[in-house]
Each structure stands twice: as structure tokens, then as C-alpha cells.
Colleague: 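One structure follows; several queries about it will come next.
Just so you know, ligand 1 is whichever comes first in the structure, and atom 1 is the first atom listed for that ligand. Count residues from 1 along the sequence.
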Amino acid sequence: MASELEPEVQAIDRSLLECSAEEIAGKWLQATDLTREVYQHLAHYVPQIYCRGPNPFPQKEDMLAQHVLLGPMEWYLCGEDPTFGFPKLEQANKPSHLCGRVFKVGEPTYSCRDCAVDPTCVLCMECFLGSIHRDHRYRMTTSGGGGFCDCGDIEAWKEGPYCQKHDLNTSENEEEEDPLVHLSEDVIARTYNIFAIMFRYAVEILTWEKENELPAELELEEQSDTYYCMLFNDEVHTYEQVIYTLQKAVNCTQKEAIGFATTVDRDGRRSVRYGDFQYCEQAKSVIVRNTSRQTKPLKVQVMHSSIVAHQNFGLKLLSWLGNVIGYSDGLRRILCQVGLQEGPDGESSSLVDRLMLSDSKLWKGARSMYHQLFMSSLLMDLKYKKLFAIRFAKNYQQLQKDFMEDDHERAVSVTALSVQFFTAPTLARMLITEENLMTTIIKTFMDHLRHRDSQGRFQFERYTALQAFKFRRVQSLILDLKYVLISKPTEWSDELREKFLEGFDAFLELLKCMQGMDPITRQVGQHIEMEPEWEAAFTLQMKLTHVISMMQDWCALDEKVLIEAYKKCLAVLMQCHGGFTDGEQPITLNICGHSVETIRYCVSQEKVSIHLPVSRLLAGLHVLLSKSEVAYKFPELLPLSELSPPMLIEHPLRCLVLCAQVHAGMWRRNGFSLVNQIYYYHNVKCRREMFDKDIIMLQTGVSMMDPNHFLMIMLSRFELYQIFSTPDYGKRFSSEITHKDVVQQNNTLIEEMLYLIIMLVGERFSPGVGQVDATDEIKREIIHQLSIKPMAHSELVKSLPEDENKETGMEGVIEAVAHFKKPGLTGRGMYELKPECAKEFNLYFYHFSRAEQSKAEEAQRKLKRQNREDTALPPPVLPPFCPLFASLVNILQSDVLLCIMRTILQWAVEHNGYAWSESMLQRVLHLIGMALQEEKQHLENAMEEHVVTFTFTQKISKPGEAPNNSPSILAMLETLQNAPYLEVHKDMIRWILKTFNAIKKIRESSSTSPVAETEGTIMEESSRDKDKAERKRKAEIARLRREKIMAQMSEMQRHFIDENKELFQQTLELDASSSAVLDNSPVVSDKTLIALGPAKTQISEQRQFVTCILCQEEQEVKVEDSAMVLAAFVQRSTVLSKNRNKFIQDPEKYDPLFMHPDLSCGTHTGSCGHVMHAHCWQRYFDSVQAKEQRRQQRLRLHTSYDVENGEFLCPLCECLSNTVIPLLLPPRNIFNRLNFSDQPNLSQWIRTVSQQIKALQALRKAGSASDTASSKNVEKVNELQLPEGFRPDFQPKNPYSESIKEMLTTFGTATYKVGLKVHPNEEDPRVPIMCWGSCAYTIQSIERILSDEDKPLFGPLPCRLDDCLRSLTRFAAAHWTVVSLSVVQGHFGRLFASLVPNDSHEDLPCILDIDMFHLLVSLVLAFPTLQCQDFSGISLGTGDLHIFHLVTMAHIVQILLTSCTEENGMDQENPTGEEELAVLALYKTIHQYTGSALRGTPSGWHLWRTVKAGVMPFLKCSALFFHYLNGVPPPPDFQASGTNNFEHLCNYLSLPNNLICLFQENSEIMNSLIESWCRNNEVRRYLEGERDAISYPRESNKLIDLPEDYSSLINQASNFSCPKSGGDKSRAPTLCLVCGALLCSQSYCCQTELEGEDVGACTAHTYSCGSGAGIFLRVRECQVLFLAGKTKGCFYSPPYLDDYGETDQGLRRGNPLRLCRERFRKIQKLWHQHSVTEEIGHAQEANQTLVGIDWQHL
Ligand SMILES: [Zn+2]
Ligand SMILES: [Zn+2]
Ligand SMILES: [Zn+2]
Ligand SMILES: [Zn+2]
Ligand SMILES: [Zn+2]
Ligand SMILES: [Zn+2]
Ligand SMILES: [Zn+2]
């Protein structure tokens, strides 16, 4: 279809390009009716440029539009060529100080916690870095898109509003200067004309709603009728649904459907079909039909293509306008004028109004386009920002209504702009006074919550889905209200007062609808059937919490407002509960001669609600009055007389009783909804405006009442009145054994009631209640949190309430109360309570949960014991109450309380059964303690002649009155002190008695004592004190002894565990100890230790015993016995890779024989070192497999390991494994024969081996040529002059037991399968190659780790590594015994030919392209297949030595060829050393063979250094290899890290110290070999610079460098756009820490197909970059991601810490983050050690939820 259109389109394009912008503009300048002229132009050209086919061509469209449509406008505007005109405008411009940068999604934003007026004030990165705030306490977040930089807005910052860049010319500031003065009249007029026309055009066309008809002015006579089927996005349908439907409806591929869906999601609409009306209509009906089943259908329109064309140009115009106004603030102002000019239809008809009001009808792309234009125009111009704000406020109700109906997120709604006006203090204030904004917002909110119960309260029960949806949306209004209130007025005008109070009225109306909502009734008998809805009400409460607090803050600023608000609030409360006594008969209560009237009400029987916002607001205002002293200065202004204390306390008291009853288990049948409500009532998110205020309300009420009356009412509400008003209740009570539950219940209620009394008297840390300030309050919170345990910064923040600025105020006081302890390599920084603060600890702190209370109690007692103090936790000394609350202390000495305390003590003394509890007693003791502290304070602070009215000590010394005549409280305490069942409380009682005496002394010294009669007791006291001290001392000694014994026991226990561990690791220990014995044996002297060759040190065979971890049986490792195996994990690896772009393309055909020196894909083997019998393992694995199959059928759950791929967890340590390695004795010893002849030298040996290979090749050729003519073959072979003693027909006997052979095959096949990613095939000739390769690669990777960490080669390796290398090497050496001899011989032949050329092997890599260590290992391990048929007497050792020497020499040549031999300008001294001369000579030889290609002649010193450095890793690897192969212990020098290892290495490896001697000794053959190596074509190409080669030593790979400051990473990622969806920002940018690639993760756009499955960008990347394993940093989340394969992954803590030593996964806290190098190194180490997969396994085992994540989609 496209090709048909092609010529026609090209013709149009040509004609379009012939238009001249200058001419058109000229025509326009002459025009009388400019509007008509321009519209005609547009009508004609727009459809020719846009929408000419099924798919848009943005670049071409843009180019043509610029040329034909926008160009003329620019000419017209400038009156000259815009390439000159615009720069002129720009020069004349005086830019404003506002930055105004609009944030992209994911861009970092900064807010200063010290200077920002509110948290919505943010800076862009550039401004932030140039501002003073970078040295302040700042917070960093990532933008969700939208919003702009507030740099330059003087209202947004308390200090430093400008950054360096925007501070340019503040000195000459005429803030209100009109920007138009910089423009000429002409330009102004023309700009006005063209802006007016274009802006109107854009608005008209974008808001056009007809699908088939253009506005009349744009209608063309002749037009072709083509249509689009346009699909719009919504928030209802999922991606999958849309993709599925599209495939069906428009018959496209899945890829195309994904493309459509992605664009629809991003832009809000996309045409999915183009053609005639019928054709499009058909697609539409399919889509509608397919999506209408459950929900409303997807929105689809069939639109005429010319309409779409104009709309596309409309969008283009908006962005053009945005660009043009960027040239000059004057142009910007003109645009603002045009936009806000009232249209012909009067009010709300300006272009700006029209756009706003059709916001919800526009598609996403159009919305965000005009929102951005608004931001860069109206919001940047302070004058017009104000006018715009007024328009916004006037339309507010309508906009919100539209938003409720709209189904887009708020971020793309125009209502989201509210933050831009409402948070600007002057604007907000102006809108409140002039537009009555507060009232408008609240009323709008109420309008949308119409569902009420019969009392007019909100009702959320039985909400429909639609109502629930609305409820979620309407919450954004609360946010708006919060914005308006966030900056508090500094001055009040009368209007502001009036409007604020009007708003306050509206707010009270709102709270009134909440007062008493969601009432509940106690369920008796049956459990409730359905959990009632409770979340909505709490959501509302939670969202309003800050607003309620801010309302109070505002009130606090002005006395008049405060008094008015107080009156209003009280009036509303009376409306709510005025008639609370109605209908009920009042009852009269009597205790201790006091009596009070109250109503009959039982929480357990009647309705009760937890929502009391009006009462709580009144409580808040009351405290403010108390604080502001207005209450004392002008009491006549207050309606205090109207206050009825019983009414004030009634509802909060019910609420608290409800909590108590829930704790007592009385509401169990009401289900979880109630439990949740109680939880949130106390939770840090809600408590400030719920629980805390209820306590304050009770304090308020009680402070105005007779405490005795209050206590009686309280007893009655707690339903405990009977118990304490009936004298003998306790006795009767204990006999009622049948009602155990009731007794228990009552006990809990009594405890709760006592706790409440403690709180009422003790909680005086709210400013206004007690004489404290805000710092004291926060300090106290922190002290109590830290009394539980040391805490990290974030934990503390979470436990403290945040204000509307998200501040807890913690930083200011934390230093005063706590010490900071820095974090280690793991864990977090912690705050610890300073010891001197412990005395402020209050066991009954009201914000403790039950669990916290008991933890804190335990911790504090422990601390005291450690300090050798007594363990009493007496109440702390409290600050005095404010005068309004002062009378509260009298509760403590009220008759009713004394009666309650006496009763309880009596029960404790009598100690009868259930009637009392220890906690009850503990609380009574605490109350007594509080009273004593209080009295002591009073006495100490009293003026000289002042009479202290607080006489608690006197009251407790008096015995009880008739009729029961109980002893005095004091006497009872003395009795209890000796009660054996109260051991725990003795210290507290003792403290009480001591304090009592102290008070007595003060009283006596200050005045004539009124209490003479108790003197006797005091005397008695002191003597009693003495023997008590003695007892105490004894008890202390006993305690110490006990502690010592406990410590010993725990020590023993630990020992036992350690021993058990050793039991498990026996094998390792055995090994280590045996080798240690060997090391120490004086028989082998250090110098003679040689690892290989004929001179190899002979080691007497060690017998090795190991224990199976499964059956615990011990067995010796023997050749003929059944196999013992190690659990092992084989994986592919790119850790050492020097070329990450290379990976195995076709594994079936891949030839792994030669490893390229870039080590691009290796196979690594690791092991946890745990040994099993082969058959035990077999059985274990079978059972795992069976279990897994059953489980998958049942649960369809994943596990952390993939059984189908042979994976299992080590039965002992749960380490991930996928095969086993057999344990073997040094395999060489088995095949060693006596060397009965002289050993050949290198040349001879090479010749012999070459002959042998030739013979074998001939044999094989003959064998394969034809099987029939066998006799001929035999002849041919005979012709072949077999080398002496070579018997190719000899088949050696396999010495291993069947079981070992089986395991050799098992591990070999596993290595082959994993390494090549192919199906297992034990016959494949590549199996042995993969085994050798894995051995070589694993050794190389360990050598790298040791070198990088600067560790000695043979230092103490971890046992598991040592075991793994030993088994792996020996296995690889024995593997040939289970493979066809001729296959391995064939491999040997090819390997050998790569160094010693041979006619029959061509196409072999040149020596630049061979990793020499891999070659060495393969040659050495394949050699026995040749040697076993050789009876001439050449020993294996001789072969090893010659192979080693040959490969080493090849490596040296390789190094010399590839070393960068450029001279560095150093003086060329004459070489002196032997080595230097030798290496120079060698270099010259090479030079000779390569022709002149090799550059110049470097100094011998330099060459020798290069060779030594280059060959070192190879020699180290070789030493490890031969050590494990032959079992010769390393010389002790290796075990310490020293500098001069080179000589030791050479000795151990049987090399001359001057390596070049090797060449000289064998110069005859070496010269020809060197020549053959150098004459290679590839070598020549390299020397001529046509190709690259790896040079030596290879550097270790490292993870990428990360920046110090995390925000620069965020910035980098925010500039990253998805590579597939055309400039769209990636939602989850993820950084590969291995190669530094940024990926668009977790998103449809970047999914690719991998092995037939769709996978995310990260998983796909791991396949090329990490051969299946990957380490990533998810930048937005600040989280490290480990991936392995498609199904495995875990998150790991990131290497970035904040100042408090904590990571911030998810970037929720936003503290500045800095790189922690130690932690990053730890991650790198995991990578180097190939432990990523293992780490994932452990993480998944520990946290099962990780298993369920779809890792492959990341
Ligand atoms: Zn900025
Ligand atoms: Zn700035
Ligand atoms: Zn600051
Ligand atoms: Zn076993
Ligand atoms: Zn293990
Ligand atoms: Zn993408
Ligand atoms: Zn990578």
C-alpha cells in the first residue's frame, strides 16, 4: 500500500517544498482579514502534510510543517528572516530569575530541609549544585514528571532562593518591570495577531468533538475520504487485554500490537487502522465487542483523516508556541494576554478557560502538551500566574467534577496544577480572601461524598465500585487543602480572618459528618458474619490528620481567630452530643462519702465509635488556649462556663474503654476490622489526632472536675464500679472460681484503668498541657524508643510522627540523647541511648505498644543489673503542668484513688487466687511512686511560707476507715516487701519506702511535722533497712554466682555447636592436617620441591579417609572402591572475559578445543566441599526429584533450584549444586611406569611424539578409508615405520571401579552440558575438552582473585576451594579413561600441531589466538593417551616437562609479539644482565622472522621486565595446576606473600631462572618453531596493524566505576530513554555493573525473545554480557539486582549509604546517598568468586516470596 502511494506523495512533497515562507508571510502582512487568510492556508496545506497513510512519519511531517506552516508564521512575527529575528529578540530579552525547568520522569529533584518553605519546593540538579543548599540538609527524590524547578521563586525559599546561574542581575531588579518595553511596537502588534489566531486555532481543533466534520473555516471543497480507527487509552484495561484485542481486531502481529499499545499508553491515542469508513468501523466494532464484557469498552473513534491531521498540527503548534516564547519574556507575556483574554461569550470563555474545561475530554498527549505550555508561559509570568490562579479557582468546582468522571490518573489532569498556585503563600492567601478558596475546596469535597447515614454522618458501608473509585479521587482535594494551609500567614487582615473562619466552619461541617461514624456494637454469642468496612473512614482520618493539625497551627497564630474557632468548635460539639443524657435515667454513684450523678451507659452493650474528630479538635484548641495564656488574660472572652466537663470526657472515655475491653478480650467476636481500628488509633500515623487528643480531652475535662467524681464515672464506664464500691467484693470474688474468664477480664480492665490514670497524670509533654516545649516532647519520644533497643535512623523516623513538611524534628535533639555508632560492612548505623537519659525512662510511656513496653522493661532492668543497681524502675520526675491543667495532680491524692489502691494492695496482701494480678500491683506501685515524686517536687519548689497542699504521704500513713478498718497503705507495703511471691517488685517497694522517708525528712526540716505518730515506724524502718541491706548483699552474691554458672553453660553450649560443625567438616580437617604433617616433615627439604618432570619430588602416598555427610560412614578414597563425590556447581562464566560481544553462536557446531586468549566464555566449577557416597547422593537426588514433581503438580510453585536441570541443594549447607565431582587419588601415579631408558631431550621428544601422531593419523585414515580391505591397511601400517616401542593397538586397562567410572562420566557430561548449553551426550568428542577447559578456567579465575587481593599463591586457601581445585584437577586428569582413546589422541594431535606444525592440520589458530594455559592443561591431560601406548620408556613426567617448556616458550614469544614495545624515551643503557642479553637476542631472532614489521629495538631491561610480568600469571596458574595434579607440596615461601616469588616459582616448576635459557638450550628446534609461528599470516596482519591481539599480562576485570554521589546516577538515568520506543523515558532504567550498559528494564517495549520466551531487557542482557548471570543496579530503586538464568534472581543491598549509615532501597527517605567502597568491593568479590548464583540461592531459600517473582521480565 505504501509503495502505491509513493510517487503521488513525492509529487506533493515537491510542490510543498516549492512554497516560500517569505512570500506567504508577505501576503499575510498585506491581508485585510488575516484570520481568514491564515485559516485558508492551513485548510489547504495541513491535510497535505499530516496523515497521509496508516503510519505517521514524524520527521518528514515536522520538516514539511516547519517549511510550509510554521516558517511563514515566524517570518510574519519577526518581520524578517527568523534566523536573524529570533536571536535579536533573544538578545534584547532580560530573562527573569525563575528557572522553571520542567521535570522529566525520573529526573532527580532536590529540596532543602532547612530552607524550603514546604516540601513541594524543589530544585533541578543544575540549580541545586549552584545553590547554597547543597551544604544544607537536603532531600533528594525522583520526579514523577510534571512540575518545575522553583529556583528564583523568592516565596519558595526561606533563604538562598537563587542559584548562581539565576542570580545574574538581582542588583538592578525592577521586579515588576513590564517585559514588553524591550519589544518594538510592530513586533508586539504582529505577535499579538499571529498568537491570537494560532492559539485559537489550536484550542478550537483540539477541543473539536465531531468525528466526521471540520470547523466550517477549515472545510475544503474537494477532499478524499479516508479515515482512521483511533484507539484511546484508559486506566481500566490492562496492557495484555489491549494487545490481545488488537491482534484480533486489526489482524496484526503481536509485535505490532505491543507497539500500538505502548503508543496508546504513552500518547493517549493511536490510530490502529487506516482506510475507508467501513473498513475502520469494522475494526472499531470488534474492539468494542471484545472489551465490553466485564467493564466499559475501550474508547474507539472512527475519525476523518483531515481532523486528525489538524489535531496533529494543533499539537505541533502548541509546542511551537512554547519554543517561540522562550526567545523573549515579552513574547511570553503576549501569549499570556492572548490566552486569558475573555472571549465573546464572557466569563470563562478565554482560551485558557476553554482548554481547562475540556481537559477531561482530551487525550493524554494533548493534555500534557498544553499543560507544559501553561507551565512555560502562565506560570513563569508572575503577573499572569496570579490571573491564571484566579481562573483556576473560579473553575475549581467544575474541574474537580470533571476529574471525578475522568478515568485518567491525576498526573495528567489539569487539577494537578493546583500545587503550583496553592503552595505559593501570597497566591494562596489571595485566593482564600478573594475567591474563598478554603470554603470552596471543602464544600466541593463534601459534595462528592453524599452517602450519609440517618444522623448525617459519612457512610462507607456498602459502597459501590464507582463510589469507591470516586472516594479515591476525591482524596486529592484534601491534598489541595493541605497545600493551601501549608504556609502559615505572618500577618492577619480582617478579611483573612473572616474567610479563614468561614473555611473553618466548613471544615467543622466536614468533621461533624465524621464524628461518630462507623459505630460498632459488641457482638455476643456468634461471631460477626462479615467484617464491616472500616478502611475508608480511617483513610479519611489519616489523610485529614495533617490538615487538622494545620488548622490548629493557623488558629494558634492569632488570638482572635483562636477564640472564635474555639467557640465554633464547642458549638458544633454540643450539636453533636448536646442531648447525650436524653432518654436515660440518671444514676447516682457513691464511694468514700463522695457522690456523683451520671448516665447509665455501657460500652459493652451500646453503640460506640472510634471517630471523634470534633472532640479532638476542641482538645487541640484548648491546649492552644492554655499555651497562649489568653485564657488567663481574658477569661471573659471564653465560653468556659458553657463547658460541661462530663460531656467533654464522655466520648473520649468511651473510646478508651473500648480499647481496654478489646484488650480484655471482650470484643473477640467482632473480628479483625475492630482489631485493625484499635491498631491505627494508636499508630504513629494517626495517634496525634486520635489517641493523644483523647487523653488531652480527658485531662481537660478532669482538670475542671472533682477528681473523685471523675474516678467514679470512670469506674462506672469501665464497668468496675461494683467491684470497688462493695467493700467485701474481693473476697466474694475469689470464691467465684466458676467464672475464671470473668475474673481474668476484670483483672485486665482494672490494669487498663490504672494505666489510664497513670497517663492522665503523667502525660504532660505536649506544650500547653505541661510546661514544656516541642523539643522536650520529641526528646522524650526518642528516649523511649531507644530504651527498647538501639535503633537506626530510619527506624526512629518511622516511630515518630511527621509534620506536614515530613519532618520529625529529630535531628535537632538526637545528639543530646543518643550516641551514633557507625555501621560495619553489613548492617546499619545505630543510635544508642546515652546512659544519663535512662532516668527519664517511664515504663508506662503512653506510646508504647504492649510488646514494646515489655521489651523496654526487660532492657532497662538488664541495664540496671549490669550497672549493679537495683532493678526498680521508678517513675521519672515530671515537668509541672500548665495552670489550666494543674489540678490534675489531685487525682493522685483523691479519696477514691486511695481507696482503689488500698483495695488492690489488700488483695495482694491476702494473696488469694485470681482476684489480683502482678501487673495490677505494679501499676499501683507506679502510681504511689508518681505521687511521692509529685509531693517531693512540691516540697522542693514551694516558697518559704507556702503551704503545700499535696499531702499524699500523710494520707497513705492513715489506716482505712470503718467498716473494714484495713491497715494503712504504708503498712501494707511493708508487709508486701517480705512476701516471697513478689520478688520482682521488692526493689520498687524498697524505693517507695525510701522516698517516703526522704519526703518525711524534708517535711520535718521545713516545718513542724504534722505526722508524729509514725515516728516509731521510721525507727523500725532504719533497723529493718540494715538487715535488708545484708539480705540484699547475700542475694547479690547469689545472683553473681548464678550468672557465672549461666555464662559457663552457654559457653559450653557454643563449644558443642562448634564441635558438631567440625564433625561435618571432618574431611577437610583431615586433609589439612595430613598435608600439614607433610609440610613439617624434615625428609623433604625446601629446595628439592619440584612439581613436575622426571625430577619431581616423590611423595609417599597419603591415605585419605572421608565421611559421607548423608550416612555418616567413613571410607577411604581408593581406586577400586565405590566413589565418593563432592557437591559441585558448574556454570558458564564471562568474569575473565576481555570481549563481551562474543558468545557461542551455534553450540552444536562450536569447537572448544582452543580457548581464545580473550577468555570470552569459560566454564567455572565451584563446590561447597561436602562429601557424599556416590550412591548416597544418587538416592538423595532421586528423592529430591520425586518430591519436586509431586510438589509441582500440587502447588505449581517454583523452587530456588531447577531440578529438571539437575540442580539440587547440598544436603548439608543448602548450597546450590548441579552435579558432583568424584574424589580421586593423584591419577598420574597409577599410570607411571618405570623409566628404564634415558629420557629424550626436547628435540628428540618432539620428533618422537610427532612420529607417533603421524602413525596414529595414518592408522585412522586407513581405518576410515575402507573396512573391507583390511589386509591392505595392515600392510600400509606396516609400511609406516612405527616408532620404536609404540604399540597403537594396545588398550590400557581402566583401573577404576565401575562406580568411579560412572561418576567420571556424570561430571564430564554435566560440564559439557552446562558449558556448551547443549543436551547431554556422553559420547560427544567435546566432553573431554570441556573438562580440561573447566579445570584451566577455574584455576585461572582463582589465580586472579589471589593476585587482585595480593594474597600468596599457596597461602591458606579456604578448605572448600582447595578441595574443589584438587578434585577438579584430578578428575580432569582421569577423565580420559572413560573416553575413546582415539578421540583424545586426535585432540592431542591437533593441540600439538598448533605449536609443532604438521601437514595434516591446517586451519589451526595462530599463537596469538590461543590461551597458553588452556593449551598447557589440555596437552598435559591428553598426553597419557599417547604415552600409554608407548613402551619405549619415555615417562609421563618427561612428557609433562617438555610440554610445559614448549608451551612456556610459545607464551614468551606470544608476549614479545604483543607487548607494546614503544620506547618511553628512557636512556638505552647497555644491557648488563644475563637475562637482558638473552631476551634481546631472542627478540632479534623474532625480529628477523617477522621481517621489519616488529617495531624497533627496545632495551633489554624493558623486554625482560615485560616478559617477566607477562608470564607471571601463567606460571602461577601452572604451579597451582601441577601442585594439584601431582600432589607435591609447595615450598613454604609461597605461603607468605613476598616480592621475589619468581625464582621460587621457576624452581618449583623445574624452569631455569633465566627463562630465555630454554630457547638457547633447544635452539636447533626452537628457531624453526619460532619461524613457523612468526611466519603465520595472522601474525603478519597483526604486526601490520590490521587486527588486534590480547597483550599480557591481562588486566583483571572490575565492575564499572560508580559515582560518589548517587544523584548523578539518577541524573544519568533520567537522560536515558528507551532505545525502542522513540525517545520515551524508560521507567525502570537499570545499569549493568559489569559493562556499564543502561537498560530499559521491566517494560514491554524492550522485551525480546530468548529461546522462545519473552524476556525483559536485563535477562536478555545477561545472556550476552554475563553468559546467564548478571549484576545490575536498578537506579530508581537504588537496589542491586542479581540475576541468573531466566528464573532466578534476588535483590541485594546497594553500595550507597546515607549519613546515618543506612541504605535506601526504593529511595523512600531521600537522604543524600554516597558510595560505600567497601560494600561495592564486596559485590565485586561475589562476582569474581562466581558466587552470584549461590547468593541468589541462599536469598531465595531464606525468603520464599523471592521465588515467585517473574525475574525474566526484569
Ligand atoms: Zn533549575
Ligand atoms: Zn537556578
Ligand atoms: Zn537550604
Ligand atoms: Zn553415604
Ligand atoms: Zn555443602
Ligand atoms: Zn524500553
Ligand atoms: Zn553488561
Side-chain angles (χ1 to χ4, degrees), residues 109-119 121-123 127-140 149-164 167 805 807 811 1060-1069 1105-1117 1121-1129 1165-1184 1200-1201 1207-1223 1299-1300 1303 1358-1364 1367 1710-1712 1731 1733-1735 1737-1738 1741:
T109 64
Y110 298 85
S111 184
C112 180
R113 292 168 65 191
D114 297 327
C115 315
V117 168
D118 68 77
C121 301
V122 286
L123 293 175
C127 290
F128 172 73
L129 292 178
S131 73
I132 58 167
H133 311 295
R134 64 178 303 178
D135 300 322
H136 299 176
R137 297 182 312 140
Y138 64 89
R139 184 177 273 132
M140 169 190 77
C149 175
D150 288 307
C151 182
D153 182 350
I154 44 170
E155 276 200 325
W157 309 97
K158 290 177 210 153
E159 213 187 310
Y162 306 105
C163 71
Q164 285 159 2
D167 198 17
N805 284 331
E807 290 289 339
E811 271 91 352
N1060 263 357
K1061 234 186 243 158
E1062 276 160 28
L1063 200 80
F1064 291 130
Q1065 291 175 340
Q1066 228 165 39
T1067 63
L1068 324 171
E1069 298 298 318
F1105 294 91
V1106 289
T1107 309
C1108 168
I1109 55 166
L1110 286 168
C1111 68
Q1112 300 295 329
E1113 262 172 48
E1114 195 184 53
Q1115 188 187 313
E1116 185 178 355
V1117 179
D1121 243 334
S1122 66
M1124 297 298 286
V1125 293
L1126 280 180
F1129 186 69
T1165 301
S1167 167
C1168 61
H1170 291 136
V1171 184
M1172 297 166 269
H1173 284 112
H1175 55 265
C1176 287
W1177 168 69
Q1178 206 50 275
R1179 216 169 326 148
Y1180 167 75
F1181 184 67
D1182 290 346
S1183 78
V1184 168
S1200 66
Y1201 53 98
E1207 290 181 355
F1208 61 96
L1209 300 181
C1210 165
L1212 185 60
C1213 68
E1214 303 209 315
C1215 186
L1216 185 67
S1217 313
N1218 57 7
T1219 185
V1220 289
I1221 321 180
L1223 286 182
S1299 147
I1300 292 181
M1303 287 302 116
C1359 284
R1360 51 181 278 187
L1361 258 182
D1362 198 46
D1363 279 349
C1364 174
S1367 313
N1711 291 327
S1731 303
T1733 316
E1734 189 185 323
E1735 196 64 35
H1738 286 313
E1741 279 303 304

Colleague: Is there a donor-acceptor contact under 3.5 Å from the side chain of Trp157 to the main chain of Asp150?
Modeller: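 Looks like yes, one N/O pair under 3.5 Å.
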Colleague: Please give the atom name: the N, O or S atom of His133 nearest to the Zn ion (ligand 3).
Modeller: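 That would be atom ND1.
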Colleague: Report the distance from atom CG of Leu1209 to atom CG of Asn1218, rounding to the nearest 0.5 Å.
Modeller: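 Here the interatomic distance stands at 11.5 Å.
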Colleague: For His1173, what is the atom name of its N, O or S atom nearest to the Zn ion (ligand 4)?
Modeller: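 Sorting the N, O and S atoms of His1173 by distance to the Zn ion (ligand 4) puts ND1 first.
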Colleague: With rounding to 10 degrees, what does the angle His1170:ND1 / the Zn ion (ligand 5) / Cys1168:SG come to?
Modeller: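 With the Zn ion (ligand 5) as the vertex, the angle is close to 110°.
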Colleague: Below 2.8 Å, can you find an N, O or S atom of Cys1215 next to the Zn ion (ligand 5)?
Modeller: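 It does not; every qualifying atom lies at 2.8 Å or beyond.
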Colleague: Would you call the rings of Phe1208 and Phe1181 parallel, tilted or perpendicular, taking 30° and 60° as the class edges?
Modeller: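 Perpendicular: the ring planes of Phe1208 and Phe1181 meet at over 60°.
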Colleague: Check whether any side-chain N or O of Ser1217 sits under 3.5 Å from a backbone N or O of Cys1215 as a donor-acceptor pair, and report yes or no.
Modeller: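 Checked: pair present.
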Colleague: Check whether any N, O or S atom of Cys1108 sits under 2.8 Å from the Zn ion (ligand 4).
Modeller: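 Checking Cys1108: at least one N, O or S atom is under 2.8 Å.
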Colleague: Nearest 10° is fine: what angle sits at the Zn ion (ligand 3) between SG from Cys115 and ND1 from His136?
Modeller: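 Vertex the Zn ion (ligand 3), arms to SG of Cys115 and ND1 of His136: 100°.
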Colleague: Anything under 30° is parallel, anything over 60° is perpendicular, the rest tilted; go ahead and classify His1175 against His1173.
Modeller: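 The rings of His1175 and His1173 lie parallel, inter-plane angle below 30°.
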